[in-house]
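This report refers to the structure that appears directly beneath it.
Read the numbers this way: they start at 1 and go in the same order the structure lists the ligands and their atoms.
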Amino acid sequence: MEMLEKLAVILISSGFRYFIFAGIPFLIFYVIFKKNYRKNRIQDKSPKKERFFNEIKGSMMTIGVISVIASLVLFTSFRESTLVYENVDDYSIWWIPVSVLLSLIIHDTYFYFMHRFSHHKKIYRFVHITHHKSTNPSPWTSYSFDFVEAVLENLILVILVMILPLHPIALLSFGLLSFIINIYGHLGYEIMPRWFRSSFLFKIINTSVYHNLHHKEFNGNYALYFRWWDRLLGTENKSYTREYDVIQERRFGNKKLKRKQVIIPGGLLIIVTLMLSSFGSSSNSTSISGDWISQGEDGKAIVWIYKSKNGKYYGKFIKALDPEQQKQVEEGLKKKGKSTLYILKGFVYSGNHKWKDGTLFAPSRKMHINGEITLLKSGKLKVTGYYMGMSKSYLWTRKI
Ligand SMILES: [Zn+2]
Ligand SMILES: [Zn+2]
């Protein structure tokens with residue numbers, strides 16, 4: 001796929017994500033069940049319709065910025081300087097949920113200082129003013145930023161892929177989780193269950209009331225997911241707990257919760273999260289299927305690998321000997337000229353990132369060469385052919 005097509009795909013999916021994830025809560029809380037959720041409202045009045053349109057308009061630019069940054073990171077040669085890995089087995093399966101959690105902690109830290117800095121009176125109106133036009137935020141506020149802020153916000157992706165080994169599943173989960181928390185922070189309604197107040201999580205995690213107070217009063221409560229930076233550096237809004245309790249008491253009354261009512265839902269939440277994360281990871285086992293390119297000393301080669309129903313790997317390997325043939329190969333005109341075709345047959349996964357017992361068959365010479373494929377830590381494939389006591393290796397890079 002061309003770079004522009006990939007950018008278009010990311011642009012459309014980010015836009016889709018915004019309208020679905022902000023649109024559904026908006027319909028539920030601001031349109032269909034507005035009356036049912038009256039007690040959950042954080043500020044008495046509902047924002048004006050005009051505000052919603054401005055927020056959506058502002059968010060379009062942010063979606064563009066996110067898409068450009070994500071495409072530059074994932075689909076250009078910059079990808080090679082990142083720690084993004086594709087083979088789940090390169091790290092323990094537990095690394096996926098752990099890396100998502102670490103990403104949230106790093107993002108929260110980055111956001112806290114960036115956000116505090118953007119409130120500096122000399123730069124506030126160039127960087128952060130658009131977001132604060134919403135003194136009573138709605139789900140549509142979550143992407144409503146100035147251009148500079150949109151860029152700064154999304155630089156976190158560049159930072160994360162440079163310092164943490166991240167699997168695409170972890171990247172996707174982090175992006176989605178971060179966006180859902182962002183929507184919740186701007187919801188305008190408190191929806192936390194009653195037990196949350198008596199659990200230790202209340203001391204650690206932000207709520208919708210927390211970020212709403214930031215929009216209402218312009219300062220304090222700068223952090224995104226966690227309370228620790230604000231508490232440590234004395235920027236937490238002093239009336240936060242009181243405001244939170246007022247809303248929750250309006251919803252549930254002021255009877256104290258029994259210990260059992262706190263522990264059971266908390267435990268269930270942890271079990272469901274663990275189950276979901278390990279399900280997500282195990283569904284993507286080691287695979288070398290897909291398109292690969294090699295740039296050996298005797299020219300470029302294009303490789304297609306697929307897994308057959310019998311669990312073995314097959315593929316085609318076309319070596320192109322001069323630039324013209326390389327172009328033809330890339331355009332899919334496979335058999336012209338002197339390009340050499342090999343067929344990969346019956347490679348079996350033998351553990352430890354190795355595929356063995358396969359052959360490379362060259363139809364033009366009717367020759368079978370024993371082969372072995374290894375998936376390296378760097379994400380490259382090393383294919384080695386053994387013939388009459390000699391061996392030759394190629395390095396293949398995944399075509400993106
Ligand atoms: Zn702010
Ligand atoms: Zn906000």
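His107 has its side chain within reach of Leu224: a pair of non-hydrogen atoms, C-beta onward, lies under 4.5 Å apart.
Test Glu217, Glu190, Gln43 against Asn212 for side-chain contact (heavy atoms from CB on, under 4.5 Å) and you get one pass: Gln43.
For the Zn ion (ligand 1), the count of nearby protein N/O/S atoms, taking only those under 2.8 Å, is 5.
Judged by distance alone, with hydrogens and angles left aside, the side-chain atoms of Asp146 form no donor-acceptor pair with the main-chain N or O of Val148 at under 3.5 Å.
Glu236 and Tyr240 are not linked by any side-chain donor-acceptor pair at a separation below 3.5 angstrom, with hydrogens and angles left out of the test. Looking only at atom types and distance, the side chain of His214 has no donor-acceptor partner in the side chain of His131 under 3.5 Å away.
The side-chain tip of Arg227 points at the ring of Phe202 from less than 6.0 angstrom away and within 45° of straight on.
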